Structures are given as structure tokens and as C-alpha cells.
S.K.: 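Provided herewith is a single structure, encoded as C-alpha cells, for subsequent inquiry.
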Amino acid sequence: MSDAATTTTTTRLPVTVDKPTPYTFDLGLLLANDPNPLNLDRSSPLEPQLASIARDGCQSLINQLLTACPISSTPAGVLLALPPPQTPLPREKPVPTPKAETKWSQFAKRRGIKPKTREQRRNLQYDETTGEWGRKWGYKGANKAGDDAPIIEVKQAQEEKRMAEGKSVRGDKRREIRERVKRNERKMRANERRESGKKK
């Protein structure tokens with residue numbers, strides 16, 4: 001064999017790890033705790049020493065997983081079932097405080113009114129005249145049908161009263177929408193004041 005063709009041999013590290021104090025594990029979190037102190041050689045590079053310590057921890061964790069956890073073969077592949085975590089982890093943010101009940105939620109609780117299901121909250125309905133699905137409310141909603149009609153059917157007595165007051169059907173409709181928005185805003189502010197009062 002010529003000098004150009006050199007053979008390289010890689011040394012396999014042992015799969016067993018011996019430590020003076022054994023590791024403690026939390027397999028549910030894939031956690032291995034090494035209680036042994038770090039004995040580093042200051043005359044040698046730091047990175048290889050840390051990599052060796054990390055490798056021993058990973059090898060010990062893998063050994064513990066393979067010996068302590070059940071392994072099953074499924075059509076999706078070989079699965080290893082982890083136990084429930086044992087180490088409590090701190091929350092990143094505080095536990096959210098429960099929101100104060102609004103007047104409507106209190107009323108619904110007294111009357112036994114249940115919240116609408118997801119299907120009931122859907123803003124879609126089937127229009128049999130056009131054969132298409134459309135919105136119930138909002139932009140081009142069914143509740144606004146007839147607002148842009150050129151001709152609106154009115155009662156004569158009511159229309160004469162409006163004309164005497166200088167009002168119109170379309171103006172009354174727009175005024176009703178504005179008043180409804182203001183009423184909802186007043187209720188929302190009242191709920192906020194009541195909630196802030198309970199916090200104090």
C-alpha cells in the first residue's frame with residue numbers, strides 16, 4: 001500500500017458512563033442532571049472538555065431512555081413512550097386573572113342561556129334566491145338588504161309625520177344604526193368601570 005493511501009481509524013467511545021455520583025433523570029422532560037463538579041484542565045482547550053462532558057450526559061440519558069421506557073413498533077415507526085414530567089417548570093408569565101362578568105353574562109347565567117355554538121356564530125347563510133352563500137351581517141350582509149333599494153315601501157301616516165319633522169326613512173335608518181353603536185359603547189364602558197372597581 002502506497003503512502004498516499006492512508007487509513008484512518010476512529011475510536012468508538014464507550015456507551016457506558018461511569019461517574020462518582022450517578023445522574024438523576026426526568027425522562028418526561030428529557031432531562032439529565034449531573035451533580036458532579038466540573039474538573040477542567042486549564043492547560044487544555046475548554047471546548048473539547050465541555051463537549052466531552054455534554055456527550056457523557058447525552059449518552060447517559062439515551063441509556064436511561066432505552067432501559068426504562070417502553071418501546072413499541074407502529075406503522076409510523078418505532079415509538080418510545082415518555083413518562084409524565086416530574087420537574088415543575090416556572091411560568092413565563094403570571095397566571096391570568098379571571099375576567100369580570102358582564103351584565104349579559106350574569107343575566108345569561110341566571111336564565112340558563114348557553115353560548116352559541118361555533119356553527120351558530122358562523123357569519124354565513126345560504127341565499128335561496130341567488131343560490132350562493134352570503135354574509136349574515138357586516139359588509140354586504142343580509143341584514144342590510146334593501147338599504148340601497150331605489151324604492152322603499154312606507155306607511156302614509158308615518159311618512160307624513162316624517163316630512164313634517166324634516167326627516168326621511170333612510171335618515172331614520174342611519175340614525176338608528178348610530179344610536180345602536182353608541183348604546184353598545186356605553187355598555188362596554190360601564191362594564192370596564194365595573195371591572196376596574198372590582199380590581200380596587
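Bear in mind the structure is a predicted one, so any value in this text is a computation, not a measurement. Excluded from the calculations below are hydrogen atoms, water molecules and symmetry mates; all remaining heavy atoms, backbone and side chain alike, are included.
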S.K.: Please tell me if the side chains of Leu65 and Phe25 come closer than 4.5 Å, counting only heavy atoms from C-beta onward.
M.R.: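 Heavy-atom side-chain distance check fails, nothing below 4.5 Å.
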
S.K.: Write down the atom of Lys93, the atom of Arg91, and the distance for their closest heavy-atom approach.
M.R.: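 Scanning both residues completely, I find the closest heavy atoms to be O-NE, 2.9 Å.
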
S.K.: Side chain to side chain contact (heavy atoms under 4.5 Å, CB included) with Pro83: which residues, sequence neighbours excluded?
M.R.: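 Pro83 satisfies side chain to side chain contact (heavy atoms under 4.5 Å, CB included) with Leu27, Cys69 once adjacent residues are dropped.
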
S.K.: Taking ring-ring contact (aromatic ring centres under 6.0 Å, His included) as the cut-off, I'd like each qualifying pair that reaches into residues 29-53, sequence neighbours left out, listed once.
M.R.: none

S.K.: Checking Thr67 now: which residues fulfil side chain to side chain contact (heavy atoms under 4.5 Å, CB included) with it, not counting sequence neighbours?
M.R.: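 In terms of side chain to side chain contact (heavy atoms under 4.5 Å, CB included), with neighbours along the sequence ignored, Thr67 is linked to Gln64.
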
S.K.: Please table the atom pairs, donor to acceptor, closer than 3.5 Å between any side-chain atom in residues 107-115 and protein atoms at least two apart or in another chain.
M.R.:
from, atom 1, to, atom 2, distance (Å)
Lys109, NZ, Glu101, OE2, 2.4

S.K.: Mind checking what makes side chain to side chain contact (heavy atoms under 4.5 Å, CB included) contact with Arg55, not counting sequence neighbours?
M.R.: Leu13, Val17, Gln59

S.K.: What distance separates Lys187 NZ from Asn184 CG, expressed to the nearest 0.5 Å?
M.R.: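 If I round to the nearest 0.5 Å, the distance is 6.5 Å.
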
S.K.: When hydrophobic residues are tied together by side-chain contacts of less than 4.5 Å, even through go-betweens, does Trp104 share a cluster with Met188?
M.R.: no

S.K.: Under the ring-ring contact (aromatic ring centres under 6.0 Å, His included) definition, can you give me all pairs with a residue in residues 46-89, not counting sequence neighbours?
M.R.: none

S.K.: According to side-chain hydrogen bond (donor to acceptor under 3.5 Å, both in side chains), does anything in residues 68-87 pair up with another residue at least two apart or in another chain? List the pairs.
M.R.: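 side-chain hydrogen bond (donor to acceptor under 3.5 Å, both in side chains) check on residues 68-87 returns Asp26-Thr87.
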
S.K.: Check whether more than 12 heavy atoms from other residues, nucleotides or ligands sit under 6.0 Å from atom NZ of Lys19, and answer yes or no.
M.R.: yes

S.K.: Please list, one pair per line, the donor and acceptor atoms closer than 3.5 Å that link side chains of residues 28-41 to other protein atoms, with sequence neighbours excluded.
M.R.:
from, atom 1, to, atom 2, distance (Å)
Asp34, OD1, Asn36, N, 3.1
Asp34, OD1, Asn36, ND2, 2.7
Asn36, OD1, Thr21, N, 3.0
Asn36, ND2, Thr21, O, 2.8
Asp41, OD1, Ser43, N, 3.2
Asp41, OD1, Ser43, OG, 2.8
Asp41, OD2, Ser43, OG, 3.1
Asp41, OD2, Ser44, OG, 3.2

S.K.: Establish whether Leu61 and Val78 are linked, either directly or via other cluster members, by ILVMFWY side-chain heavy-atom contacts under 4.5 Å.
M.R.: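 Both belong to a single hydrophobic cluster.
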
S.K.: For Glu176, check salt bridge (Lys or Arg N to Asp or Glu O under 4.0 Å) against everything at least two apart and list the hits.
M.R.: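 Here the qualifying residues are Arg180.
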
S.K.: Is a donor on one side and an acceptor on the other found under 3.5 Å between the side chain of Ser52 and the backbone of Pro48?
M.R.: no

S.K.: Examine Leu66 and Val15 and state if one hydrophobic cluster contains both, with Ile, Leu, Val, Met, Phe, Trp and Tyr joined whenever side-chain heavy atoms are less than 4.5 Å apart.
M.R.: no

S.K.: Go through the structure and list residues passing side chain to side chain contact (heavy atoms under 4.5 Å, CB included) with Glu185, not counting sequence neighbours.
M.R.: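 Side chain to side chain contact (heavy atoms under 4.5 Å, CB included) list for Glu185, sorted by chain: Val181, Arg189.
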
S.K.: Which pairs pass ring-ring contact (aromatic ring centres under 6.0 Å, His included) with one or both residues in residues 51-98, sequence neighbours excluded?
M.R.: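 Qualifying pairs: none.
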
S.K.: Take Asp56 and Tyr23 through the side-chain contact (heavy atoms from CB on, under 4.5 Å) test and state the conclusion after the steps.
M.R.: CA-CA 10 Å; Asp56 290 344; Tyr23 288 88; 3.8 Å; yes

S.K.: Starting from Trp133 and following side-chain heavy-atom contacts under 4.5 Å between hydrophobic residues (I, L, V, M, F, W, Y), which residues can be reached?
M.R.: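 Trp133 clusters with Leu124, Tyr126.
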
